[in-house]
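Comments concern the structure below.
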Amino acid sequence: MSLPQATPQRQQQLQENFQKVEQRIEEACHKAERPRESVQLLAVSKTKPLEDVLSLAAIGQQAFGENYLQEALDKIAQAPDLEWHFIGPIQSNKTRPIAENFAWVHSVDRLKIARRLSEQRPPNSAALKILLEINLDDESSKAGFNEHDIEDAVSEVLQMPHIELRGLMAIPMIRSDFAGQRAVFRRLKILLDALQKKFPDARLDTLSMGMSGDLEAAIMEGATWIRIGTDLFGARDYGSKA
Ligand SMILES: *Cc1c(COP(=O)(O)O)cnc(C)c1O
C-alpha cells in the first residue's frame, strides 16, 4: 500500500510552520530558564489529512494528537509507528478502540473512563499513559475533574493496573492577556505539585497545557506537553464535522 504524499508546496509550508513553532518553544524555554527537552510538542492533526502528518513525521515530529476517534483510527492504521495521543471528548462506549490504539490519553475526565481504559487495555501492551483533565473554568458545561476534589480520584486511578497516571491536562478558556493565561496555567502546576507531594511514589511528571495561542504562557508555568494544531497545520476546515 503506498502512502499519500503532500505536494511540495504543502511540505514546504508545513516545514516553515514547524520551524516557527520550534523557535517559539525555544524562546519560551529560554525565558523560563528551562531546557528545551523539558517541553514536548504534540502536533494536533485533527481534520488534517494523513499526508500532512507524514510530512511532519519526515522532518522529525513523532507525536500526534487526535480528537475524533474514527478519523484517528484511519490514520493510525496507516501510520502505526508514530506515537498517537487521544485528546478529545470520550464517550464511555468508545473506550475500547482508544485503549487498543493509543499510547497516551490526555482527556480522561471521569473515573468511569479511567476504569474502562484500564480494563480494556490489551494486557500484552505497555500500560496506557493517561492524564486527568481538570476543569479550571468551573463552567458546568465543561468536562473534567474539579481541582478541589482531585485527590480521591488520583488515589483510585493509581490502583488501576493497565494504565499509568502521569499527570494533568487542561483546556482553559481562551484569554488574550499573557498574565491571565499564566495565572490559569499556574493553578494546574500548583495542583500537580501538591499531588506529587501527596503521592511521592507515582510518576506524576506531566502537564499537558498550552495551544497555539498560549504556548508561551504554558511553558512559563511548567507545561511538559504543548498541544499545537493551528500554528502547525493552518486553520481547520471542519466541513461536515462542525
Ligand atoms: C484542537 C485542540 C488543540 C489545538 O489547538 P490549536 O489552537 O489549534 O493549536 C489542542 N488541544 C485540544 C484538546 C484540542 O482539541
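Every number for a ligand or one of its atoms is a count from 1 in the order of the listing. Note: hydrogens, waters and symmetry copies are ignored here, and every other heavy atom, side chains too, is used.
Applying the ring-ring contact (aromatic ring centres under 6.0 Å, His included) criterion to F64, with sequence neighbours excluded, gives W84. A search for side chain to side chain contact (heavy atoms under 4.5 Å, CB included) contacts involving A170 returns L136, P172, L188, not counting sequence neighbours.
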One line per pair, note the atom names and distance for all nitrogen or oxygen contacts under 3.5 Å between ligand 1 and the protein.
{"residue": "ligand 1", "atom": "8 (O)", "partner": "T230", "partner atom": "N", "Å": "2.8"}
{"residue": "ligand 1", "atom": "8 (O)", "partner": "T230", "partner atom": "OG1", "Å": "2.5"}
{"residue": "ligand 1", "atom": "8 (O)", "partner": "R236", "partner atom": "NH1", "Å": "2.8"}
{"residue": "ligand 1", "atom": "8 (O)", "partner": "R236", "partner atom": "NH2", "Å": "3.1"}
{"residue": "ligand 1", "atom": "9 (O)", "partner": "S212", "partner atom": "N", "Å": "3.1"}
{"residue": "ligand 1", "atom": "9 (O)", "partner": "S212", "partner atom": "OG", "Å": "2.6"}
{"residue": "ligand 1", "atom": "9 (O)", "partner": "G229", "partner atom": "N", "Å": "2.8"}
{"residue": "ligand 1", "atom": "11 (N)", "partner": "R227", "partner atom": "NE", "Å": "2.8"}
{"residue": "ligand 1", "atom": "15 (O)", "partner": "K46", "partner atom": "NZ", "Å": "2.7"}
{"residue": "ligand 1", "atom": "15 (O)", "partner": "N67", "partner atom": "ND2", "Å": "2.6"}

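Counting only residues at least two apart or on different chains, the salt bridge (Lys or Arg N to Asp or Glu O under 4.0 Å) pairs with a member in residues 43-56 are R10-D52.
Between the side chain of S212 and the backbone N or O of I228 there is no donor-acceptor pair closer than 3.5 Å.
Under the 30°/60° scheme for interplanar angles, the aromatic rings of H85 and H106 are found to be tilted.
Scanning both residues, D231 and V21, for their nearest heavy atoms gives O-CG2, 3.7 Å.
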